[in-house]
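Ligands are counted one by one from 1 in listed order, and the atoms in each one are counted from 1 as well. No hydrogens, no waters, no symmetry mates; every other heavy atom, side chains included, goes into these values.
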Amino acid sequence: MSTSTETTGNGTRSAVITGASSGIGAATARQLAAAGYRVVLGARRVDRLTALAEETGGVAVPLDVTDPESVESFVREVPECNVLINNAGGAKGLATVANADEDDWRWMWETNVLGTLRLTKALLPKLVESGDGHVVTITSVAALEAYDNGSGYTSAKHAQAALHRTLRGEHLGEPVRFTELAPGMVETEFSEVRFKGDTEKASKVYQGLTPLSADDVADVITFAVTRPSHVNLDQIVLKPRDQHSATRAHRS
Ligand code: NAP
């Protein structure tokens, strides 16, 4: 199989993964490290990152994507970058627009939208300079559909996706690829965060069906990233077999 992971004259390819302390980010770090990438891991829970850095031979760097100063000091630790995985994100709460909680909205927009903007802006010059860059942004089926009680998250994911898709045109002709990955249900800490630590409520989300695992998503990310550099997977929608849409699933 032809891949783009071979080292060039400049050494091993490096991949920055935001939100690497858990779920999809941590699984992606493991799989990209196994595929030969030097992984740079960013998140707020540094203890988890440090353990994962030891396991993968990568580097753990504290990162809060909602804080411009934290992003600046993170980027200072990234001399070269071939791949950026914009993964840090999530949802807070489920409420109608009429009952919207502004703090939850702020959290979702700051993390998913402005976080993606900050990291992408900061690392694009290095990605282009690498001669073979790749930005993978983890959006969601919530970036494709609007559903009741989900407007804070669906609006943030739509905005994050619009930002990402715009880059494809703005950088056409430059040596950088853009892939949007929109997953459906993945069993991670996502629902625990959405329901603010209510694990019982969180586990009900996945009852009666087999959701995707973080590794299922990481497999697809790794596939996209390791295609030859002229091959751009623009948009990938990935759902469990039992999930039809954001709001319709078969449960036994
Ligand atoms: P997760 O297990 O909760 O992981 C979220 C990651 O984001 C954690 O590593 C967390 O790290 C990081 N993060 C949150 N706020 C951050 C901040 N301010 N700065 C830096 N890192 C931050 O959930 P996941 O399912 O793997 O989510 C990964 C991505 O997939 C998210 O963008 C999510 O919206 C998307 N997604 C998930 C699903 C799903 O069903 N699970 C479906 C579609 C899309 P720290 O808390 O340590 O900072």
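With atom 3 (O) of ligand 1 as the reference point, the heavy atom nearest to it among Tyr206, Trp107, Phe190 is part of Phe190. For atom 26 (O) of ligand 1, the nearest non-hydrogen atom from the set Ile24, Val217, Thr139, Leu63 comes from Ile24. With atom 5 (C) of ligand 1 as the reference point, the heavy atom nearest to it among Gly25, Gly90, Gly89, Ala20 is part of Gly89. When the heavy-atom distances from atom 1 (P) of ligand 1 to Gly23, Ser22, Ala88 are ranked, the shortest goes to Ser22. If you check each of Val186, Asp64, Leu49 against atom 40 (O) of ligand 1, the one with the closest non-hydrogen atom is Val186.
For Tyr153, every heavy-atom contact with ligand 1 shorter than 4.0 Å involves the side chain, none the backbone.
For atom 12 (C) of ligand 1, the closest non-hydrogen atom on the protein side is Gly19 CA, 3.5 Å. Ser21 OG, 2.9 Å is the protein heavy atom nearest to atom 11 (O) of ligand 1. For atom 28 (C) of ligand 1, the nearest non-hydrogen atom of the protein is Asn87 OD1, 3.1 Å. Looking at atom 19 (N) of ligand 1, its nearest protein heavy atom turns out to be Val65 N, 3.0 Å. Looking at atom 42 (C) of ligand 1, its nearest protein heavy atom turns out to be Gly184 O, 3.0 Å. Scanning all protein heavy atoms for the shortest distance to atom 23 (O) of ligand 1 gives Thr188 OG1, 3.4 Å. At the top of the distance list for atom 14 (C) of ligand 1, counting protein heavy atoms only, stands Arg44 NH2, 3.5 Å.
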Item to check | Worked check of side-chain contact (heavy atoms from CB on, under 4.5 Å) between Thr137 and Leu181 | outcome: CA-CA 6 Å; Thr137 301; Leu181 182 67; over 6 Å; no

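Where the criterion is an N or O separation shorter than 3.5 Å, residue side chain and backbone included, Pro183 fails it with respect to ligand 1. Annotation: Thr111 places no N or O atom under 3.5 Å from an N or O atom of ligand 1; distance criterion only. Between Glu189 and ligand 1, an N or O atom pair is found at a separation short of 3.5 Å.
Close approach of ligand 1 to Lys157 is summarised as follows: ligand atoms under 4.0 Å from at least one heavy atom of the residue are 32 (O), 33 (C), 34 (O). Counting atoms of ligand 1 from 1 in the listed order, those under 4.0 Å from a heavy atom of Thr66 are 18 (N). Interface atoms of ligand 1 facing Arg45, defined by a heavy-atom separation under 4.0 Å, are 8 (C), 10 (C), 11 (O), 45 (P), 46 (O), 47 (O). Listed by number with element, the atoms of ligand 1 under 4.0 Å from a non-hydrogen atom of Ile138 are 30 (O), 32 (O), 35 (C).
Lys196 and Asp104 are joined by a salt bridge, as a carboxylate oxygen and a charged side-chain nitrogen come within less than 4.0 angstrom of each other. Checked for salt-bridge contact, Glu170 and Lys121 miss the test: no charged N lies under 4.0 Å from a carboxylate O. The pair Arg251-Asp242 fails the salt-bridge criterion, with no side-chain N (NZ, NE, NH1 or NH2) lying under 4.0 Å from an Asp/Glu carboxylate O. No salt bridge links Glu145 with Arg248; every basic N to acidic carboxylate O contact stays at or beyond 4.0 Å. Look at Arg118 and Glu110 and you find a salt bridge, because one of the NZ, NE, NH1 or NH2 atoms lies within 4.0 Å of a carboxylate O, short of that distance. Between Asp132 and Arg13 there is a salt bridge, with a side-chain nitrogen of the basic residue lying less than 4.0 Å from a carboxylate oxygen of the acidic one.
Each of Val71, Asn87, Thr116, Val40 was checked for a side chain to side chain contact (heavy atoms under 4.5 Å, CB included) with Thr18, and the lone residue meeting it is Asn87. Checked options Thr179, Thr139, Leu144; the residue passing with Gln235 is Leu144 (criterion: side chain to side chain contact (heavy atoms under 4.5 Å, CB included)).
With Phe223 as the aromatic partner, Arg227 meets the cation-pi criteria of under 6.0 angstrom to the ring centre and within 45 degrees of the ring axis.
With 3.5 Å as the limit, one finds a donor-acceptor pair spanning the side chains of Gln160 and Lys157.
Residue-ligand proximity: Gly115 is placed with every non-hydrogen atom at 4.0 Å or more from ligand 1. The closest approach between any non-hydrogen atom of Glu187 and ligand 1 is not below 4.0 Å.
Between His171 and Phe178, the two ring planes are tilted [angle within 30° to 60°].
Between Tyr153 and Tyr147, the distance separating the two ring centers is not shorter than 6.0 angstrom.
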